Amino acid sequence: MFTGNLVIDTILVYLPAMVSNATPTFIRRGTPLDKGKIFIDGRRVLGDGKTIEGLIVGIYFGFIVSLSYTIVLGHYILALQLLASSLGALIGDIIGSFIKRRMGIPRGGRALVLDQLDFYLGANALLLASGFKINIWIFLVGAIIVLVLHIITNRVAYMLGLKNVPW
Ligand code: CTP
Ligand code: MG
């Protein structure tokens with residue numbers, strides 16, 4: 001698509017979404033998006049892990065990263081499509097938390113598949129909506145990269161003492 005190398009092209013397509021998903025982690029405490037509100041099931045709507053600051057940081061860094069290479073590629077429409085993917089990643093992550101709370105899983109609790117792929121599906125949904133044609137191979141290789149990176153980064157964060165659990 002861009003370089004002809006499947007792995008490099010996949011990284012170029014999903015890097016802004018991955019950055020938007022990862023950078024909010026540096027916000028340890030912020031203003032909860034749900035303002036502390038309780039849903040009809042008696043549990044938090046989203047929980048303290050989804051903040052306004054995290055949303056801003058995620059969009060900001062996702063956009064900086066996408067601009068840095070879409071300008072080099074001279075592909076300005078792609079810059080907007082990747083911005084959409086960043087937004088989609090953050091929205092997907094928020095929807096993931098909403099579902100986790102409805103399942104009774106507390107903030108930071110483990111939800112297999114949902115934890116790893118919520119942002120990825122959100123990014124793909126908005127990429128498609130922005131008119132970006134997603135190649136099936138790029139989608140599949142991207143999903144594998146996301147799953148592997150998730151395992152590695154969480155283990156490293158656990159070993160460094162940044163996280164209390166290795167997932
Ligand atoms: N974060 C944030 N705002 C967001 C997304 C993430 O502030 N919109 C920060 C929070 O500090 C969060 C951390 O990034 O704890 C890691 O994100 P994530 O793993 O998605 O949140 P969890 O704490 O695991 O919460 P949840 O169970 O709701 O997924
Ligand atoms: Mg989590």
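Here the structure is a predicted model, which is why all the values come from computation and not from measurement. Each ligand, and each atom within it, is numbered from 1 in the order the structure gives.
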Student: Measure the acute angle between the ring planes of Tyr14 and Tyr120, then classify it against the limits of 30° and 60° as parallel, tilted or perpendicular.
Tutor: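 The rings of Tyr14 and Tyr120 sit tilted, inter-plane angle from 30° to 60°.
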Student: For ligand 1, which is the ligand I care about here, please tell me if Ile27 has any N or O atom under 3.5 Å from one of the ligand's N or O atoms.
Tutor: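 In this structure, Ile27 places an N or O atom under 3.5 Å from an N or O of ligand 1.
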Student: Which atoms from ligand 1 have a heavy atom of Gly54 less than 4.0 Å away?
Tutor: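 It comes down to these atoms of ligand 1: 2 (C), 3 (N), 7 (O).
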Student: Is there a protein heavy atom at a distance of less than 4.0 Å from atom 19 (O) of ligand 1?
Tutor: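 So atom 19 (O) of ligand 1 lacks protein heavy-atom neighbours under 4.0 Å.
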Student: Can you check whether Thr51 reaches Thr31 side chain to side chain, under 4.5 Å on heavy atoms?
Tutor: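 Thr51 does not reach Thr31 side chain to side chain.
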Student: Tell me, which protein residue and heavy-atom name are nearest atom 24 (O) of ligand 1, and how many Å apart are they?
Tutor: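 The closest heavy atom on the protein side is Gly108 CA, 3.4 Å.
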Student: Any ion pair linking Asp34 and Lys50 (charged N to carboxylate O, less than 4.0 Å)?
Tutor: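 Answer for the salt bridge query: no.
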Student: Using atom types as modelled and distance alone, determine if a side-chain donor or acceptor of Arg102 lies under 3.5 Å from a backbone N or O of Val45.
Tutor: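 Side chain of Arg102 to backbone of Val45: a pair is present.
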Student: Calculate, to the nearest 0.5 Å, the distance between atoms OG and CG belonging to Ser20 and Asp93 respectively.
Tutor: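 Here the interatomic distance stands at 10.5 Å.
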Student: Pick one of side chain, backbone, both or neither for how Lys100 approaches ligand 1, counting any non-hydrogen atom pair under 4.0 Å.
Tutor: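 The side chain, only.
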Student: Do the side chains of Tyr69 and Tyr60 join up, straight or via other hydrophobic residues, at under 4.5 Å, putting them in one cluster?
Tutor: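 Yes, it is one cluster - the side chains of Tyr69 and Tyr60 are joined through contacts under 4.5 Å.
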Student: Looking only at protein heavy atoms, identify the closest one to atom 13 (C) of ligand 1 and say how far it is in Å.
Tutor: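 Nearest protein contact, heavy atoms only, for atom 13 (C) of ligand 1 is Thr25 CA, 3.9 Å.
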Student: Tell me, which protein residue and heavy-atom name are nearest atom 9 (C) of ligand 1, and how many Å apart are they?
Tutor: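 I find the closest protein heavy atom is Pro24 O, 3.2 Å.
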Student: Name the option, out of His150, Arg110, Lys50, that contains the heavy atom nearest to atom 21 (O) of ligand 1.
Tutor: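 The residue whose heavy atom sits nearest atom 21 (O) of ligand 1 is Lys50.
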Student: Are Leu121 and Leu83 linked, directly or through intermediate hydrophobic residues, by side-chain heavy-atom contacts shorter than 4.5 Å (ILVMFWY only)?
Tutor: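 Per the 4.5 Å side-chain linkage, Leu83 and Leu121 are not co-clustered.
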Student: Can Asp93 be said to touch ligand 1, with heavy atoms closer than 4.0 Å?
Tutor: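 Flag set, Asp93 near ligand 1.
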Student: Regarding ligand 1, does Ile94 bring an N or O atom to under 3.5 Å of one of the ligand's N or O atoms?
Tutor: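 For ligand 1, there is no N or O atom that lies under 3.5 Å from one belonging to Ile94.
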Student: Say whether Thr51, considering both its backbone and side-chain N or O atoms, lies within less than 3.5 Å of an N or O atom on ligand 1.
Tutor: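 Such a contact does occur with ligand 1.
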Student: Looking only at atom types and distance, does a side-chain atom of Gln116 sit under 3.5 Å from a main-chain N or O of His150, one as donor and one as acceptor?
Tutor: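 Side chain of Gln116 to backbone of His150: no pair is present.
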Student: Would you please determine whether Arg101 falls within less than 4.0 Å of ligand 1 on a heavy-atom basis?
Tutor: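 True for this residue.
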Student: Just to confirm my output: which protein heavy-atom neighbour is closest to atom 15 (O) of ligand 1, and how far is it?
Tutor: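 For atom 15 (O) of ligand 1, the nearest protein heavy atom comes out as Arg107 NH2, 2.7 Å.
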Student: So, is Gly49 polar-close to ligand 1, with some N/O to N/O distance under 3.5 Å?
Tutor: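 Such a contact does occur with ligand 1.
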Student: Does Gly30 reach ligand 1, in the sense of a heavy atom lying below 4.0 Å from it?
Tutor: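 Outside the 4.0 Å threshold, so no.
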Student: Please determine if Lys100 and Asp115 form a salt bridge, counting it only when a charged side-chain N lies under 4.0 Å from a carboxylate O.
Tutor: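 Yes, Lys100 and Asp115 are salt-bridged.
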Student: Would you say the side-chain atoms of Asn21 pair up with the backbone N or O of Ala17, donor to acceptor, closer than 3.5 Å?
Tutor: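 Side chain of Asn21 to backbone of Ala17: no pair is present.
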